[in-house]
S.K.: 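One structure coming up, written as structure tokens, with questions to follow.
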Amino acid sequence: MLFRSLNCIIITVALLSSCSAQYNYREALQKSILFYAAERSGQLPGDNPIPWRGNSALGDQGNNGQDLTGGWYDAGDHVKFGFPMAWSATTLIWGLIDFANGYGQDRAAAMQSVRWALDYFIKAHVSDNEFYGQVGDGHADHAYWGRPEEMTMDRPAWSISPSAPGSDLAGETAAALAAGSILFRESDSGYADNLLNHARKLYELAFNNRGKYSDSIANARDFYGSNAFEDELC
């Protein structure tokens, strides 16, 4: 649950960064943002701030060849688990919205950080009624001790749909996208519109096809199993 711990750090630092104290809260915030840069999968930009991280998982794709590169890896693993990724993005984005002043001049870097996840969610939403919720086999990944840049294992992908429902996954991802539309509304209205459109379609998928995502994506059950979906619908 490293994502959750770091999210709590970022929110706490945002609240306290303007306080006079013996601790350098800004440095803690900056390093917390760098964590998500280190978790980036896919083709990295030239200004990626982690010099020892390179391109990885460039062959990630859906079952019909859809491009699923990008997104965040999960903690120290190389699986892209959609459920905790969506929760992390939602929490980070609301911190950026509600405590904007606490980020100071680091807010732009944090916005670019969450945009990496939002762009991936758009990619993974391959049609109105299909969303890819996981790339990579958690069991195979836990047996691999190496860098993501050097992976050679197969990376299967699983999606949710009306025949394989995942209201919790779709609902939480819709929340991240909708929050993202608020965050980017002022700086990039076209992008905000696109985020909101995907959020609405995903929520319709979640609402109209009720079920737990880990019943449909069985590989996720041992890692991020879900007990209910009603809270994500809310």
S.K.: With rounding to the nearest 0.5 angstrom, report the CG to CG distance, Leu34 to Leu29.
M.R.: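 Between Leu34 CG and Leu29 CG, I get 9.5 Å after rounding to 0.5 Å.
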S.K.: Taking 4.0 angstrom as the limit, do Asp168 and Lys212 come out as a salt bridge?
M.R.: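 Salt bridge between Asp168 and Lys212, a charged N being under 4.0 Å from a carboxylate O: no.
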S.K.: Is the Phe121 to His198 ring centre distance short of 6.0 Å?
M.R.: no
S.K.: Measure centre to centre between the rings of Phe223 and His142, then say whether the value is under 6.0 Å.
M.R.: yes
S.K.: Parallel under 30°, tilted from 30 to 60°, perpendicular over 60°: which one fits the rings of Tyr191 and Phe184?
M.R.: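 Because their plane-to-plane angle is over 60°, the rings of Tyr191 and Phe184 count as perpendicular.
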S.K.: Is the side chain of Asp141 donor-acceptor paired with the backbone N or O of His78 at a distance under 3.5 Å, no angle test?
M.R.: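 Present.
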S.K.: Looking at His125 and Ser127, would you say the former's side chain and the latter's main chain have a donor-acceptor pair under 3.5 Å?
M.R.: yes
S.K.: Aromatic contact between Tyr224 and Phe83, with the criterion being ring centroids under 6.0 Å apart: yes or no?
M.R.: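 No, the ring of Tyr224 stays outside the 6.0 Å limit from the ring of Phe83, centre to centre.
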S.K.: For the residue pair Arg40 and Asn48, establish whether any side-chain heavy-atom pair is separated by less than 4.5 Å.
M.R.: yes
S.K.: Can you find a pair of side-chain heavy atoms, one from Arg107 and one from Leu183, that are under 4.5 Å apart?
M.R.: yes
S.K.: Under the 3.5 angstrom rule, does the side chain of Ser181 hit a backbone N or O of Leu196 as a donor-acceptor pair?
M.R.: no
S.K.: I need the minimum non-hydrogen distance between Leu68 and Ala157, along with the two atoms involved.
M.R.: CD1-CB, 3.9 Å
S.K.: To check you understand the geometry: which heavy-atom pair defines the closest contact between Trp52 and Ala38, and what is its length?
M.R.: CH2-CB, 4.1 Å
S.K.: So is Arg210 actually on top of Phe207's ring, under 6.0 Å and inside 45° of the axis?
M.R.: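 Positive - Arg210 is close enough to the ring of Phe207 and near enough to its axis.
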S.K.: Keeping Ser113 on the side-chain end and Ala109 on the backbone end, is there a donor-acceptor pair under 3.5 Å?
M.R.: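 Not a single qualifying donor-acceptor pair exists.
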S.K.: Taking all atoms of both residues into account, what is the closest heavy-atom pair of Leu118 and Gly180, and its distance?
M.R.: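 Shortest heavy-atom separation between Leu118 and Gly180 comes out as CD1-CA, 4.0 Å.
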S.K.: Should the pair Arg53-Glu39 be classified as a salt bridge under the 4.0 Å nitrogen-to-oxygen rule?
M.R.: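 A salt bridge is absent here (no side-chain N lies under 4.0 Å from a carboxylate O).
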S.K.: Answer yes or no: is there an ion pair linking Arg185 with Asp193, defined by an N-O contact shorter than 4.0 Å?
M.R.: yes
S.K.: Please list, chain by chain and in numerical order, all residues satisfying side-chain hydrogen bond (donor to acceptor under 3.5 Å, both in side chains) with Asp188, sequence neighbours excluded.
M.R.: Arg115
S.K.: Kindly indicate whether the side chain of Asp231, heavy atoms from C-beta on, has any atom under 4.5 Å from the side chain of Cys234.
M.R.: no
S.K.: Over all heavy atoms of both residues, which pair between Asp106 and Ile33 is shortest? Give the atoms and the distance, please.
M.R.: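 So the minimum-distance heavy-atom pair works out to O-CD1, 4.0 Å.
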S.K.: Look at the side chain of Ser167 and the backbone N and O of Gly211, then say whether any donor-acceptor pair between them is shorter than 3.5 Å.
M.R.: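 Such a contact is found between Ser167 side chain and Gly211 backbone.
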S.K.: Look at Glu27 together with Lys31 and state whether they make a salt bridge at an N to O cut-off of under 4.0 Å.
M.R.: yes
S.K.: Where the side chain of Asn208 meets the backbone of Glu204, is there a donor-acceptor pair that is under 3.5 Å apart?
M.R.: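 Looks like yes, one N/O pair under 3.5 Å.
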S.K.: So, are Lys80 and Asp74 salt-bridged, with charged N and O less than 4.0 Å apart?
M.R.: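 Here Lys80 does not pair with Asp74 in a salt bridge, since their nearest N and O are not under 4.0 Å apart.
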S.K.: In this structure, would Trp116 and Ile93 fall into the same cluster of hydrophobic residues linked by side-chain contacts under 4.5 Å?
M.R.: yes
S.K.: Do the side chain of Tyr144 and the main chain of Arg147 share a donor and acceptor less than 3.5 angstrom apart?
M.R.: yes
S.K.: Identify, with sequence neighbours excluded, every residue that meets side-chain contact (heavy atoms from CB on, under 4.5 Å) alongside Asp128.
M.R.: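 Residues passing side-chain contact (heavy atoms from CB on, under 4.5 Å) with Asp128: Lys201.
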S.K.: With ring centroids as reference points, do Trp72 and Tyr36 lie under 6.0 angstrom apart?
M.R.: yes
S.K.: If you group Ile, Leu, Val, Met, Phe, Trp and Tyr by side-chain heavy-atom gaps below 4.5 Å, do Ile182 and Tyr203 land in one group?
M.R.: no
S.K.: Going by the rule side-chain hydrogen bond (donor to acceptor under 3.5 Å, both in side chains), which residues pair with Ser214 if we only count those two or more places apart in sequence or in a different chain?
M.R.: none
S.K.: Go through the steps for Glu149 and Asn55 under the test side chain to side chain contact (heavy atoms under 4.5 Å, CB included), then give the verdict.
M.R.: CA-CA 6 Å; Glu149 292 86 349; Asn55 301 331; over 6 Å; no
S.K.: In the single-linkage hydrophobic clustering (I, L, V, M, F, W, Y; side-chain heavy atoms under 4.5 Å), do Leu233 and Ile217 co-cluster?
M.R.: no
S.K.: Could you go step by step and tell me if Gln61 and Arg155 meet the side chain to side chain donor-acceptor pair (under 3.5 Å) rule?
M.R.: CA-CA 8 Å; Gln61 61 181 10; Arg155 288 176 61 79; over 6 Å; no
S.K.: If you define the side chain from C-beta out and look only at heavy atoms, does anything of Asp154 sit under 4.5 Å from Asp137?
M.R.: no
S.K.: Would you say Val135 and Val79 make side-chain contact, with heavy atoms under 4.5 Å?
M.R.: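 Val135 does not reach Val79 side chain to side chain.
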S.K.: Below 4.5 Å, heavy atoms only, C-beta onward: do Tyr132 and Asn63 meet side chain to side chain?
M.R.: yes
S.K.: Is any side-chain heavy atom of Gln43 closer than 4.5 Å to a side-chain heavy atom of Thr69?
M.R.: no
S.K.: Please check if Leu195 and Val126 belong to a single hydrophobic cluster, counting links between Ile, Leu, Val, Met, Phe, Trp and Tyr side chain heavy atoms closer than 4.5 Å.
M.R.: yes
S.K.: For the side chain of Gln134 and the backbone of Trp158, is there at least one donor-acceptor N/O pair under 3.5 Å apart?
M.R.: no
S.K.: Would you say Ser41 and Pro148 make side-chain contact, with heavy atoms under 4.5 Å?
M.R.: no
